[in-house]
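Down below is the structure, laid out as C-alpha cells.
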Protein chains: 2
Amino acid sequence: MRLTTKGRYAVTAMLDLVINSGSGPISLADISKRQEISLSYLEQLFSKLRKQGLVSSVRGPGGGYTLGRESNDIYIAEIVDAVNESIDATNCRGAGNCHGGEVCLTHHLWTDLSEQIHSFLGSISLQSLVDKRDHEAEVKKAMGQMTDNGEQIISMLG
Amino acid sequence: MRLTTKGRYAVTAMLDLVINSGSGPISLADISKRQEISLSYLEQLFSKLRKQGLVSSVRGPGGGYTLGRESNDIYIAEIVDAVNESIDATNCRGAGNCHGGEVCLTHHLWTDLSEQIHSFLGSISLQSLVDKRDHEAEVKKAMGQMTDNGEQIISMLG
DNA sequence: TATTAGTTTAGTAAATTACTCGGTTAAAAG
DNA sequence: CTTTTAACCGAGTAATTTACTAAACTAATA
C-alpha cells in the first residue's frame with residue numbers, strides 16, 4: 001500500500017465528483033478549477049480510474065464524468081490502487097536471495113501491516129467520507145476486517 | 001500521512017533493530033547487509049530517527065544503534081513521520097483562496113481520513129508487529145482511537 | 001596509534017510526480 | 001454540415017523525491 005500525493009489527488013477529485021454530482025456529468029475542467037489540479041493531470045488520473053470502472057465518461061458538450069458505481073460502493077483503496085503502479089515491496093520474493101530468513105521476516109511484517117492499511121482503506125467508501133453519519137458504521141466494518149473476532153465484536157454491539 | 005518506500009525502509013530497519021537486538025548495539029553495516037539497504041541511506045534515515053529520539057547511538061568499535069525507547073513504546077507513525085518531511089495537504093490553509101467552500105470540504109475530508117490512518121499507525125507498536133500474540137490487543141487499541149465509542153467497546157470486551 | 005563506526009555534507013543518478021503541448025475523436029448545438 | 005465542447009491519447013519535460021556515492025570528520029575502543 002502506497003499513499004502518496006498522487007493518491008490524494010485522485011481521492012480529492014473523486015470526492016469533488018460525488019459532492020458536485022447533481023443531474024449530469026461533471027467535466028474535468030470544472031474539477032480542475034475547483035480543486036486546483038492541472039487539467040492534463042486529471043485526464044491522466046481519470047484515464048486510470050475509467051479503466052478500473054470507477055468512473056464512466058460522456059463525450060461532447062455537456063459531457064464529463066460520472067461515478068462508475070454508487071458512491072457507497074466505491075472504496076478509497078480502489079481509487080488509490082487505480083492510480084498507483086503496484087510495486088512489490090519485497091526484493092526477495094519467496095525463494096532466492098533470502099539470507100538467514102531474517103530479511104524475509106521483516107519484509108513479511110511490513111507486508112502484513114501494509115495489508116492492514118489496505119483493508120482499512122478498502123472498508124471506507126466515498127459516500128461514508130462525505131456523510132459523517134455513516135462514520136461509526138464504517139469503523140465497525142473496518143474493525144471487522146482487521147481483527148479475526150470482528151464478527152463477534154460487531155454482534156456484541158448489535 | 002504519507003506512506004512511501006522511504007517510510008518502509010525506515011520501518012524495516014527499525015524492525016531489524018528490534019529483532020536482532022541482543023546484548024549490545026547494532027551497526028548500520030549489519031542492517032545494510034541484512035536488509036540490502038545502502039549504508040549511507042541508512043545513515044540519513046537514522047540521523048532523523050535519532051533526532052526524534054527513536055534510536056540512540058554508540059560510537060566507536062562495537063558501537064551502533066539501540067532503540068531510544070522500549071519497542072512496545074515506539075509506534076509506526078512516529079517512524080514514518082520522522083523520515084518524511086511533513087507536507088501540508090491543503091493548498092488553502094484556513095482563509096485565503098477558498099472559492100465557494102467546496103475546495104475546503106474535500107480537503108477537510110482528506111485530512112480527516114489521513115488523521116485516521118495516522119492514528120491507526122500511531123496505535124501499532126514495533127513490538128506488536130513482531131509479536132503476533134499482541135495483534136488482537138493492538139487492533140482493539142486502534143479501534144479505540146478510531147471510533148468515538150471506542151472505550152465503550154473495549155469495556156464490553158473486558 | 002590504528003581501527004571501528006557514527007556524524008555530516010555535498011553531489012548525483014534514478015524514479016516519480018505534475019504538468020505542458022499538440023493533436024484526435026465523439027457528441028451535442030447552432 | 002459546421003462549430004463547439006470535452007473526452008481521449010501520446011510525447012516530452014520541469015520539479016521533486018528517492019536512493020545512493022563519496023569524502024571528510026569525530027568519538028570511542030583495542
Side-chain angles (χ1 to χ4, degrees), chain A residues 2-13 17 20 23-68 80 82-89 91, chain B residues 2-13 17 20 23-68 80 82-89 91:
Chain A
R2 210 150 101 263
L3 209 58
T4 64
T5 49
K6 194 173 186 177
R8 197 191 75 216
Y9 277 122
V11 172
T12 300
L17 202 55
N20 295 98
S23 49
I26 309 290
S27 74
L28 292 189
D30 286 353
I31 299 179
S32 173
K33 280 174 206 154
R34 277 194 295 264
Q35 304 301 331
E36 298 175 14
I37 306 170
S38 119
L39 178 59
S40 287
Y41 195 42
L42 278 177
E43 282 172 353
Q44 286 177 33
L45 296 178
F46 273 74
S47 169
K48 293 181 177 181
L49 293 171
R50 194 174 62 90
K51 277 166 188 162
Q52 296 299 319
L54 298 177
V55 294
S56 48
S57 59
V58 180
R59 283 183 159 195
Y65 286 92
T66 55
L67 291 183
V80 173
V83 297
N84 284 340
E85 325 296 323
S86 63
I87 290 175
D88 46 323
N91 31 13
Chain B
R2 212 151 99 263
L3 209 58
T4 65
T5 49
K6 194 174 187 176
R8 198 192 72 216
Y9 276 121
V11 172
T12 299
L17 202 54
N20 294 99
S23 50
I26 309 290
S27 74
L28 292 188
D30 285 353
I31 298 178
S32 173
K33 280 174 205 155
R34 276 194 297 263
Q35 304 302 331
E36 297 175 15
I37 307 169
S38 119
L39 178 58
S40 285
Y41 196 41
L42 279 177
E43 283 171 353
Q44 284 178 36
L45 297 178
F46 274 74
S47 168
K48 293 182 177 180
L49 294 172
R50 193 172 63 90
K51 277 165 188 161
Q52 296 300 318
L54 298 176
V55 294
S56 48
S57 59
V58 179
R59 284 181 158 195
Y65 286 91
T66 55
L67 291 183
V80 173
V83 297
N84 284 340
E85 325 295 323
S86 63
I87 291 175
D88 47 321
N91 30 10

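Proteins get letters first, then strands, A, B, ... in listed order; numbering begins at 1 in each.
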- For DNA chain C, what residues of residues 52-68 of chain A have any heavy atom nearer than 4.0 Å?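 Per residue number, the list reads A:Arg59, A:Gly60, A:Pro61.
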Presence of [X] side-chain N/O under 4.0 Å of [N] phosphate oxygens OP1/OP2:
X	N	answer
B:Ser47	C:dG6	no
B:Thr4	D:dT18	yes
B:Arg2	D:dT18	yes

Which part of the nucleic acid does [X] contact within heavy-atom distance under 4.0 Å: base, sugar-phosphate only, or nothing?
X	answer
B:Leu28	sugar-phosphate
A:Tyr9	sugar-phosphate
B:Ser40	base

Spacing between [X] atom [atom1] and [N] atom [atom2], to the nearest angstrom:
X	N	atom1	atom2	value
B:Leu49	C:dG6	CG	C1'	14 Å
B:Ile31	C:dA5	CD1	C1'	13 Å
A:Tyr41	D:dT13	OH	P	19 Å
A:Ile37	C:dT20	CD1	C1'	16 Å
A:Lys6	C:dA15	NZ	C1'	11 Å
B:Glu43	D:dA22	CD	C1'	11 Å
B:Phe46	C:dT8	CZ	C1'	17 Å
B:Asp30	C:dA5	CG	P	8 Å

- Query: More 5' along DNA chain D: B:Val83 or A:Arg50, using each one's nearest nucleotide?
  - Reply: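 Taking each residue's closest nucleotide, the earlier one in sequence belongs to A:Arg50.
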- Message: Given D:dT18, C:dT8, C:dT20, identify the nucleotide with an atom nearest to the side chain of A:Ser38.
- Response: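 The listed nucleotide nearest to A:Ser38's side chain is C:dT20.
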- Item | Residue B:Gln44, side-chain heavy atoms: nucleotide from C:dT17, C:dA10, D:dA6 that is nearest |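 Selected nucleotide: C:dA10.
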Please list every donor-acceptor pair under 3.5 Å in which a side-chain atom of residues 40-47 of chain B meets a protein atom from a residue at least two apart or in another chain.
none

